[in-house]
Amino acid sequence: NAIADTFGPGSAARTGLISKFMPKRRTGMFGLDISARRVKLLELTLEAGQPRIAAYASEPLAVDAVHDGQIQNAEDVARAVRRALARSATRTRRVAVAVSGPSVISKTIRMPADLSETEIEQQIEVDAEIHLSQPLRDVFLDFQILERDPRDPRFNRVLLVACRRETVELRIAAMEMAGLSVGLVDVEEYALQNACSLLDRTTRSEQSWFAVFDVGALDMRLTVQHGSRSRYTRSIEFGGQAIAERLISRHGLADIEQLHSHLRTGELSQPDLAEDIAAFARNLATRIEQSLRFFLSANAESDQAIDRVVITGGVARYPGLAEALGEQLPWRVTLGNPLADMSVNAHARRNHVDDEAPAATLGVPQAVREPVHAIHA
């Protein structure tokens, strides 16, 4: 089975310097982010102990090729991936992808702390249908030991993650059509958490609380970080497609590719965009404040205080957005870039990785991860 030894959820507890997870060989594995509108390829290597961007490419997807995190047309996805491979010039043919949406189930369970991983695996296989409320034959399943239960050290808290088999198999099929082999299937929620742990990694205080909003075309994900640990996640139905379509229409552009080109070259500058960006920032700020007020009110008995809001995703390329959000929110606003300070291959730079890095956040942990064991495949 092509998925054997590849399906792994990652973990909110899995943190550390980026080099800890780096494949040391150039032919290891690259990360591929399959979003609603694009595929983004990112390959990282470790050179002289430092991470380097070895390959990057981003290509648009056909409309409705992906919906609600599910691949609807594997051939359309494969075509976009082949274009990204050609543009990136990578020779690597082993890929890490992620799954998301309603087909993914995760929950934290308690297991006796004296059980070995093999014993945990066996017990989870026995109890899986109780935990998941669906037949074991219909899912791929994995687990990760998180920590000792703070209320009872005789037990470990164990993260159990399952994904519908057809969701995983569609991703594998699309990658095989593109001439790739799948080395790891991760879960987007945990991949994003791992990416967030790399933001501001050189200056971050372990006592700092900050909120990361990764804004996609159709929705955005909130991750609240306490230092390197993710403490809260939520998906919000609000994205950047409306502002992109507004700017394309207002400035008579052909498509989003031309919009991105005009932003890179400065043909569209901050004064040209100011009115639309301000309106978008007001709407985005409303969602951000509602989400964080809910988080803070639900944790009123603890001492959380959000230090700053970090914006990642495609909207981070719009000039003036951080400043416009800062005028609307009570928190400091910055743009996040987990690839900051890395050296860059010249070909990746020609593919605009410097400009698009905030939108490649999800691909970072997939590019640096090595496979973990699967307990059912």
Side-chain angles (χ1 to χ4, degrees), residues 12-13 15 35-36 68-69 100-102 104 106-108 146 150 159 187-200 203-244 246 275-316 318 320-338 358-359 361-362:
T15 59
S35 66
D68 197 18
S100 65
V104 179
S106 64
K107 65 188 303 183
T108 301
L146 297 178
L159 178 68
V187 175
E188 285 191 7
E189 176 183 350
Y190 301 113
L192 181 59
Q193 289 176 22
N194 285 334
C196 290
S197 73
L198 302 175
L199 294 170
D200 303 328
T203 60
R204 181 188 63 234
S205 165
E206 289 301 316
Q207 300 307 312
S208 170
W209 288 84
F210 64 100
V212 180
F213 287 85
D214 187 55
V215 186
L218 302 178
D219 56 15
M220 63 182 175
R221 295 182 181 88
L222 161 63
T223 299
V224 177
Q225 292 284 129
H226 184 205
S228 60
R229 298 288 299 273
S230 175
R231 299 298 189 180
Y232 176 80
T233 63
R234 181 184 176 191
S235 181
I236 303 159
E237 291 186 5
F238 180 85
Q241 179 170 293
I243 178 62
R246 172 66 174 166
E275 181 181 343
D276 292 313
I277 295 301
F280 175 71
R282 287 192 293 271
N283 290 332
L284 178 56
T286 297
R287 271 69 173 189
I288 289 174
E289 187 155 16
Q290 288 173 344
S291 301
L292 291 183
R293 294 298 183 198
F294 177 82
F295 165 75
L296 293 169
S297 64
N299 295 273
E301 295 180 0
S302 57
D303 59 353
Q304 290 99 329
I306 301 297
D307 295 325
R308 65 195 183 282
V309 168
V310 182
I311 303 297
T312 64
V315 300
Y318 296 131
L321 178 62
E323 294 80 3
L325 283 172
E327 294 175 359
Q328 302 290 326
L329 294 170
W331 304 283
R332 181 165 62 94
V333 179
T334 62
L335 302 181
N337 180 5
T361 298
L362 188 60

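Count residues from 1 along the sequence.
D214 places no side-chain N or O within donor-acceptor distance of the main-chain N or O of M220, the cut-off being under 3.5 Å.
Distance CZ/F213 to CD1/I311: 6.5 Å, rounded to 0.5 Å. L335 CG to L325 CG: the interatomic distance, rounded to the nearest 0.5 Å, is 8.5 Å. One finds the CZ atom of R234 at 12.0 Å from the CZ atom of F295 (value rounded to the nearest 0.5 Å). Interatomic distance, CG of D219 versus CD of Q241, reported as 11.0 Å (0.5 Å rounding). R221 CZ to S235 OG: the interatomic distance, rounded to the nearest 0.5 Å, is 6.0 Å. To the nearest 0.5 Å, atoms CD1 (I306) and NE2 (H226) are separated by 10.0 Å.
Residues S208 and R308 approach most closely at OG-NH1, 3.2 Å, considering heavy atoms. Looking at every heavy atom in both residues, A305 comes nearest to W209 through O-CB, 3.3 Å. Between D276 and I243, the shortest heavy-atom contact is O-CD1, 3.7 Å. In plain terms, the two heavy atoms of A211 and L222 that are nearest each other are CB-CD1, 3.9 Å. Closest of all the heavy-atom pairs between T312 and P358 is CB-O, 3.6 Å. Residues A281 and A324 share a closest heavy-atom pair of CB-CB, 3.6 Å.
E237 and R287 are not joined by a salt bridge, as no carboxylate oxygen comes within less than 4.0 angstrom of a charged side-chain nitrogen.
Residues I236 and S291 have side chains in contact (heavy-atom distance under 4.5 Å, counting atoms from C-beta outward). In this structure, S100 and V187 have side chains that are not in contact, with every pair of non-hydrogen atoms separated by 4.5 Å or more.
No donor-acceptor contact under 3.5 angstrom links the side chains of T223 and R231, judged on distance only. A donor atom on one side chain and an acceptor atom on the other are found under 3.5 Å apart for S106 and Y190.
Screening T286, L292, I288 for a side chain to side chain contact (heavy atoms under 4.5 Å, CB included) involving L329 leaves a single residue, I288.
Ring pair F280/F238: centre-to-centre distance below 6.0 Å.
Taking the six-membered ring where the residue is Trp, F294 and Y232 present tilted rings, their angle falling between 30° and 60°.
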